[in-house]
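As structure tokens, the structure follows; a few thoughts come after it.
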Amino acid sequence: MKPSQLGFEQSRILLDAYGIPVLGRMVRSREQAVRTARELGFPVAMKTVSSEIIHKTDLGCVLLNLPEQSAVETGYDRLMENVRAAGVDAIDGILIQPMVKAGQEILIGATQDPSFGPMTMIGSGGRFVELFADVAPGIGILEEKDVRAMLGRTMAGKILDGFRGPALDKAAVIRLAMSVSRFMAEHPEIHELDLNPVIVYEKGFAIVDARLIAGEPVHYPSRTDISPGTMASLQTIFNPASIVIYGASNTGTVGGIVLKNLRRLGKVYPINPRTDMLQGMRCYPNLESLPEVPEVAVFVVNSETVVLEFEKFCQAGGKGAIIISDGFAESGRRELENRLRDLSQQYGVSYIGPNCLGVIDNFSGLNTMFIPPHRTGIIREPGGIGIISQSGGIGMELMEMLDADRVGVGKWVSCGNSSSVGVPEILAHMGQDPRIDVVAIYLEGLSEGLKLMEIGRQVAAEKPVVIIKGGSGGGKEATMSHTASLAGSHEAFRACCSQAGFYLIEELTEDPKIMVNVLSILTTQPRPKGKRTAVVSVGGGAAVLLADQITAEGMELAQFAPETRRRLQDLLRENIKAASPDDLEQMLINVGNNPLDLLGNCDDRRLMRALEIIAEDPNTDVIMAAIYLQVPYLSEYLPERLVEFRRTIGKPFIVSPRGLSTHVARFREYLYAKRFHTYTVPMIKPLSMALDIWQRYDRNFMSEAELREE
């Protein structure tokens, strides 16, 4: 059934049942219009109702403040003429409403998202709703705290709170949005709902326009739990006591690379019927010839063979699998992938893939990645980071960047087609692993949005979940309501992230370095007390740029305590040339401020002494040092001195060596060898995100106001 607009009376009756009152009555003649206007009381408003009209005002289909009978008669004729002039054929009738007093106009609307289900939106309404696009979405049946959070992300919410005027009835608006969300959840046949405008007053509101679009009921995955069997299977996949590889081969092939990467495990059984030995290991012709049934199977054979051998593996008592092989749904062989899924569910044997790049667990030694090690950066040192990627390429890029920055990774997963387990299940597994401190996810598509949101809510309550979402752009289909023109899959995903507690990186999504620096800061720096940041530079340009970005990101430049400024002035006094002592004191007035430029003739002593002074400053929580190592008086011993300094402070110390020369590279390599992490751009955005994350998870983190009071 093609979606179509419901009639006004039908819409009003449906909404009334949920306590959603819409003003007015529908008429279909001039005489009915006059009689209804008298009953409602003058003045009245008249509006043409048609499924073909979204923007009534643009077509002259709204008349306001009609004071008496003759105006209604004339207005009825005028509306009909305007409709005919616009070429509109399907006219439901004319809506007569009592003229309401002016107030704040907001929009409350909803759509059915195929992945997340009902999505309610709230924000600024009226004629310019699409232009302002000041709306925030929420998923599912909303609670009061959800709607409050949504309004908190809009300008409309600030106006309701009383921005430059009286506070309006925010509580009534919240109840209305909650009712809309419940209505949509219980009416999957309603594709779109539009209440625009809802006019809000200091007490109460008036709904002066409503539009409902109905069609075939929208079905979406509603199961959000994960079975204990699936979780047990995943636990075995990441930590197998024994593993078999179908398609094992010599080096130089995919099967050979995977076999070589698996050598860190204790019991590895290669299967290849054409040889008895591979890479110095005994090779077996089939599963039946193995001395035991391995817990986990890795498949790098053709898709037809995968299905046949996976069934045998399940029947023999296998517990989990990693299917690297392609040739399934992604290439049109959906029937093969469906068969895999059916076998998985029948025997309770979960698998990762197919069509994936592999899985790495540095705690157990598992590595099924099929990229030659010399062509990529594979991290072998365990760390507190878990990575889940729907793109093998982006996952590999994140791995290489973290490897280049010497940041350890605990678990890394390329999901592939995710027909057995996907992002929600793997996130749940990493959420239960106490060794994983933060989870990073790269997403492109999502078929089970509610499951991700509900599982994510549980994980994000305990540890940060940082996400980059690909595929957020693109056009939209033609819509039949204001809400649908503002809603879309990415808006639903934003709502998912907000309600689950994820940290969505939307800026520069093509640059995974933002995520890499966030992960590095979170896992290698001590937690700060607040967000007050000091910037020190050897060479002034970088300091100015960094300071500008710090304030642009909503962070705070530290205001040094008077004693700190005095000590910094004394430190720099000897390096300022002045004609007289009075001139020197005048010049020193602006010295010791934040950002602090230590000048191009800076040496090791001046830099280290300045850092020590700032580290003792009570108004500084984070120290950022932008260092041009190329200046002549900084010595080759500076890295050692920075390492020693780092051991003495409990504040984040963000060092940014400026430049790409060989000398700078050697400097960074030395620090990496001492587990001292340095940062290249982009840097301020990741630091800002890390501070926000720390603030959420650290009860000792103080707000800027609290820090000032302290």
Side-chain angles (χ1 to χ4, degrees), residues 224-240 296 319-322 350-353 356-369 378-392 394-396 398-399 402 407-416 418 420-444 446 448-449 451-469 496-497 500-505 512 515-516 518-520 522-524 690 693 696-697:
T224 60
D225 61 319
I226 300 175
S227 71
T230 297
M231 295 303 295
S233 192
L234 275 172
Q235 179 64 31
T236 303
I237 288 173
F238 283 93
N239 187 26
V296 173
K319 296 180 179 179
I322 301 166
S350 299
Y351 59 82
I352 292 174
C356 70
L357 200 57
V359 176
I360 295 174
D361 186 313
N362 280 323
F363 302 115
S364 68
L366 174 72
N367 181 356
T368 69
M369 197 175 189
I378 297 180
I379 300 170
R380 299 189 183 277
E381 182 177 350
I385 298 172
I387 295 177
I388 308 169
S389 180
Q390 286 187 330
S391 161
I394 295 295
M396 183 171 63
L398 288 169
M399 173 82 75
L402 287 164
V407 179
V409 169
K411 298 185 178 186
W412 179 98
V413 182
S414 164
C415 295
S418 300
S420 172
V421 296
V423 173
E425 289 82 4
I426 299 170
L427 175 59
H429 169 79
M430 292 187 181
Q432 291 182 0
D433 191 335
R435 300 167 298 182
I436 297 297
D437 300 318
V438 56
V439 181
I441 303 175
Y442 173 77
L443 277 177
E444 288 180 348
L446 197 59
E448 296 184 301
K451 180 184 286 188
L452 176 66
M453 188 175 80
E454 293 304 323
I455 297 301
R457 199 195 307 266
Q458 300 169 31
V459 176
E462 301 297 329
K463 62 186 69 174
V465 179
V466 185
I467 292 183
I468 291 179
K469 175 72 165 66
C496 164
C497 291
F502 298 154
Y503 292 85
L504 175 62
I505 301 177
M515 178 180 277
V516 167
V518 171
L519 298 174
S520 175
L522 287 176
T523 56
T524 66
I693 291 171
R696 174 178 175 183
Y697 289 93

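Taking every heavy atom of both residues into account, Gly392 and Ser414 meet most closely at CA-OG, 3.8 Å. The minimum heavy-atom distance linking Ser520 with Val407 is given by the pair OG-CG2, 3.7 Å. Closest non-hydrogen pair, Gly395 versus Ser389, comes out as N-OG, 3.3 Å. Heavy atoms only, all atoms of each residue included: Ala440 and Leu519 are closest at CB-CD1, 3.7 Å. Residues Cys415 and Cys356 share a closest heavy-atom pair of C-CB, 4.0 Å. Considering all non-hydrogen atoms of both residues, Ala428 and Ile455 come closest at CB-CG2, 3.7 Å.
Here the side chains of Leu398 and Val516 are in contact, with some heavy-atom distance below 4.5 Å. Looking at Ile352 and Val421, their side chains come closer than 4.5 Å, going by heavy atoms from C-beta outward. With contacts defined as side-chain heavy-atom distances shorter than 4.5 Å, the pair Met453/Phe502 does not qualify. Between Leu234 and Ile226, every side-chain heavy-atom pair lies at or beyond the 4.5 Å cut-off. Counting only heavy atoms from C-beta outward, the side chains of Ser418 and Val423 never approach each other to under 4.5 Å. Under the 4.5 Å side-chain criterion, counting only non-hydrogen atoms from C-beta, Ile426 is not in contact with Lys411.
The environment of Lys319 atom NZ is sparse: at most 12 non-hydrogen atoms of other residues, nucleotides or ligands sit within 6.0 angstrom.
For Ser350, there are no side chain to side chain donor-acceptor pair (under 3.5 Å) partners at least two apart in sequence or on another chain.
Atoms CE and OH, on Met515 and Tyr442 in that order, are 10.0 Å from each other to the nearest 0.5 Å. Note that CE of Met399 and CD1 of Ile394 are 13.5 Å apart. Values are rounded to the nearest 0.5 Å. The distance from the CG atom of Leu443 to the SG atom of Cys496 is 8.5 Å, given to the nearest 0.5 Å. In this structure, Ile322 CD1 and Ile237 CD1 are separated by 6.0 Å, a value rounded to the nearest 0.5 Å. Atoms CG and CD1, from Leu427 and Ile441 in turn, are 4.5 Å apart once rounded to the nearest 0.5 Å. Rounding to the nearest 0.5 Å gives a distance of 11.5 Å between CG of Asn367 and CD1 of Ile379.
Here the side chain of Thr368 pairs a donor or acceptor atom with the backbone of Val359 at under 3.5 angstrom. Counting only distance, with no hydrogens or angles, the side chain of Gln390 and the backbone of Glu444 share a donor-acceptor pair below 3.5 Å. A donor-acceptor contact shorter than 3.5 Å is absent between the side chain of Ser364 and the backbone of Asn239. Using modelled atom types, one side-chain atom of Arg696 and one backbone atom of Gly501 make a donor-acceptor pair closer than 3.5 Å.
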Output a table of donor-acceptor pairs, distance under 3.5 Å, between side-chain atoms of residues 457-468 and any protein atom two or more places apart or on a different chain; print 'none' if there are none.
residue	atom	partner	partner atom	Å
Arg457	NH1	Gln499	O	3.1
Arg457	NH2	Glu454	OE2	3.0
Lys463	NZ	Met430	O	3.1
Lys463	NZ	Gly431	O	3.3
Lys463	NZ	Asp433	O	2.9
Lys463	NZ	Ile436	O	2.7

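Using bins of under 30°, 30° to 60° and over 60° for the plane-to-plane angle, the ring pair His429/Phe238 lands in the parallel bin.
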